[in-house]
Amino acid sequence: MAHGPVNQELYDALTVLQHRGQDAAGIITTQDGRLFLRKDNGLVRDVFNSDHMVRLSGNAGVGHVRYPTAGAESSAEAQPFYVNTPYGICLSHNGNLTNANQLKQELFVSDRRHLNTDSDTEILLNVFAHELMQRGRLKLSAEDVFESIAALHRRCRGAYAVTAMIPGYGLVGFRDPHGIRPVCFGKRESAQGDDYMIASESVALHALGYQLVDDISPGEAVVITLDGEVHRRQCADLPVYSPCLFEWVYLARPDSIIDDVYVYKSRLRMGDYLARKIMREWPDHDIDVVIPIPSTSRTAAVELASQLNVKYREGFIKNRYIGRTFIMPGQEQRAKSVRQKLNPIDLEFAGKNVLLVDDSIVRGTTSQQIIQMARDSGANKVYFASAAPPVRYPNVYGIDMPAASELVAHGRTEEEIAQIIGADHLIYQDIDDLRRAVAKGNPDIERFEDSVFTGQYVTADISDDYLQQLELFRSDAAKGKRRADDSAVLELHNAK
């Protein structure tokens, strides 16, 4: 929300946050009570052209980039979402509701609201809209918003970091009572007055000249009115500070600050703790060179090499124009993209005992291919280190990790994993060391959402039945069938 057009700034902010999702992008703006929306599948640069940008007029707006989640993959799932009553609410959200099916039924039976997609963002939007309707006021106030979000917290479970806009009123940001997904807000001074921005990561604020004011706390809501008034309130009964540990491992940019923890410094500490483990458990190692798998693992690998007093080298050149393989839909596309994304520098591998460092190992297929690339380039031995512990369980809070059966570490020992990916030796970070690496930056964090490593879900509502249903829906085979069905419907439509 600014004192000038926000279309270009929203576009620029989304490009800075493109690492958080390459599946779809969208922007909605408002001017003189009217709304202007553009969203579609694809990267930010592909979704918006100059004609779209011209039509996105106004001094306030909301933008979003999406990665594949548990929902469908059509452009209808792209955000932001909009509902016309009450007031006209535009909303984007990062996360996943774990009681989405229950809420969907409630919205139809009790709230008399129709949902048009499988997206839980639309569910969240309609719950928020219904609770605002219950206030029954013609003129909206911050108190109404806070009461509605408090009611939403009582109904919704799971992870949700939300940015919303109400035309003619202002911006709203709020976060689930555990603070699983990140969201912060910032301010920028201008000649006309203060501009405000709410974003998933601080790097988006800094890129546009905003100063980080604060993270939105778990359960907290921030209301920023069009006249520049900022209201904050804790809206949850029992907030528990438990952000997702995987944000610092992989998702966030290293130049971001999340929950008062510098991502870059946390990754340095990950490398330090990993080096200590190697020196403790493998003191007679014969590592000649440490090579990161670009680019998330670079920071940890530099510190690890320094602590081991081993050479650090860049052994892979990354094609910047290939997306992150972790969040690409479909195993075939992920596997194909690895060879397109990374190219080895043979002289850094030839005749050497190489320690490859990655941020984590999920399916194991990428690690397997990269290890083979190192051997093909002449490496004598190939060791592998993960800055994170084994990923053994699916994520239910908004990261589209595969079904448990597709995780290479699920039900396997580290020795078995090493054999599958083809490593001569495999070193994982210890979970306690990973927690320490991040928590050192903010002692106020009470616990972490680290279920992908431990199988312990902070919302305490995840049953075996829920995980089984997730497995049926999330597996690559299930996704492939949905894409095939969609293609068949499209071909039938075109034939007619």
Check your understanding: Any idea how Trp248 and Phe448 line up, ring-wise: parallel (<30°), tilted (30 to 60°), or perpendicular (>60°)?
Key ->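 Rings of Trp248 and Phe448: perpendicular, as their planes differ by over 60°.
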Practice item. Measure the acute angle between the ring planes of Phe246 and Tyr250, then classify it against the limits of 30° and 60° as parallel, tilted or perpendicular. Key: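 The arrangement is tilted - the two ring planes meet at 30° to 60°.
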Nearest 0.5 angstrom please: [X] [atom1] to [Y] [atom2], how far?
X      : Y      : atom1 : atom2 : value
Ser297 : Met270 : OG    : CE    : 11.5 Å
Asn126 : Asp111 : CG    : CG    : 8.5 Å
Arg412 : Leu407 : CZ    : CG    : 9.5 Å
Arg66  : Ser119 : CZ    : OG    : 7.0 Å
Thr29  : Glu9   : OG1   : CD    : 13.0 Å
Asp23  : Leu43  : CG    : CG    : 9.5 Å

Check your understanding: Which of these passes salt bridge (charged side-chain N to carboxylate O under 4.0 Å, His left out) with Arg233: Glu147, Glu220, Glu143?
Key ->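 For Arg233, the salt bridge (charged side-chain N to carboxylate O under 4.0 Å, His left out) test succeeds with only one of Glu147, Glu220, Glu143, which is Glu143.
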Point to revise | Among Ile123, Asp176, Leu124, Asp120, the one residue meeting side chain to side chain contact (heavy atoms under 4.5 Å, CB included) with Cys156 | key: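 Checked Ile123, Asp176, Leu124, Asp120 against Cys156; only one passes side chain to side chain contact (heavy atoms under 4.5 Å, CB included): Leu124.
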Answer yes or no: is there a side-chain heavy-atom contact under 4.5 Å between [X] and [Y]?
X      : Y      : result
Glu247 : Val438 : no
Glu471 : Pro394 : no
Leu132 : Leu140 : yes
Leu342 : Pro294 : yes
Tyr457 : Leu467 : yes
Phe36  : Thr30  : no
Val145 : Phe128 : yes
Leu434 : Phe453 : yes

Hey, does the side chain of [X] reach the backbone of [Y] with a donor-acceptor pair shorter than 3.5 angstrom?
X      : Y      : value
Arg113 : Val127 : no
Asn99  : Arg157 : yes
Glu449 : Cys244 : no
Ser92  : Gln79  : no
Asn7   : Met53  : yes
Glu406 : Arg363 : no
Arg38  : Val47  : yes
Asp195 : His3   : yes
Glu122 : Thr117 : yes
Arg175 : Ile216 : yes

For [X], does the [atom1] atom have more than 12 heavy-atom neighbours from other residues, nucleotides or ligands under 6.0 Å away?
X      : atom1 : answer
Tyr82  : OH    : yes
Asp227 : CG    : yes
Tyr264 : OH    : no
Asp255 : CG    : yes

Check your understanding: Passes side-chain hydrogen bond (donor to acceptor under 3.5 Å, both in side chains), Tyr160 versus His153? Steps please.
Key -> CA-CA 10 Å; Tyr160 46 93; His153 285 328; 2.8 Å; yes
Is there a donor-acceptor contact under 3.5 Å linking the side chains of [X] and [Y]?
X      : Y      : value
Thr15  : Asp12  : no
Asp259 : Tyr241 : yes
Glu106 : His130 : no
Ser463 : Asp465 : no

Review point. Could you go step by step and tell me if Asp358 and Ser386 meet the side-chain contact (heavy atoms from CB on, under 4.5 Å) rule?
Key: CA-CA 5 Å; Asp358 207 350; Ser386 168; 5.8 Å; no
Check your understanding: Does Asp144 pair with Lys139 as a salt bridge, N-O distance under 4.0 Å?
Key ->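 Salt bridge absent between Asp144 and Lys139.
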Over all heavy atoms of both residues, which pair between [X] and [Y] is shortest? Give the atoms and the distance, please.
X      : Y      : answer
Arg155 : Leu107 : NH2-CD2, 4.4 Å
Pro243 : Ile445 : CD-CG2, 3.7 Å
Gly441 : Val261 : C-CG2, 3.7 Å
Ala78  : Ala24  : CB-CB, 3.8 Å
Thr98  : Tyr397 : CG2-CE2, 3.8 Å
Asn59  : Val6   : O-CG1, 3.2 Å

Review point. Does the side-chain contact (heavy atoms from CB on, under 4.5 Å) test come out yes or no for Val83 and Phe81, once each step is laid out?
Key: CA-CA 7 Å; Val83 67; Phe81 278 82; over 6 Å; no
Exercise for review: Show your working on side-chain contact (heavy atoms from CB on, under 4.5 Å) between Val183 and His93 and close with a plain yes or no.
Suggested key: CA-CA 10 Å; Val183 63; His93 129 265; over 6 Å; no
Exercise for review: Please lay out, stage by stage, how Ser217 and Gln234 fare under the test side-chain hydrogen bond (donor to acceptor under 3.5 Å, both in side chains).
Suggested key: CA-CA 8 Å; Ser217 299; Gln234 177 55 252; 5.7 Å; no
Exercise for review: Given side-chain contact (heavy atoms from CB on, under 4.5 Å), test Ile149 with Val172 step by step and report yes or no.
Suggested key: CA-CA 10 Å; Ile149 292 171; Val172 179; 3.9 Å; yes
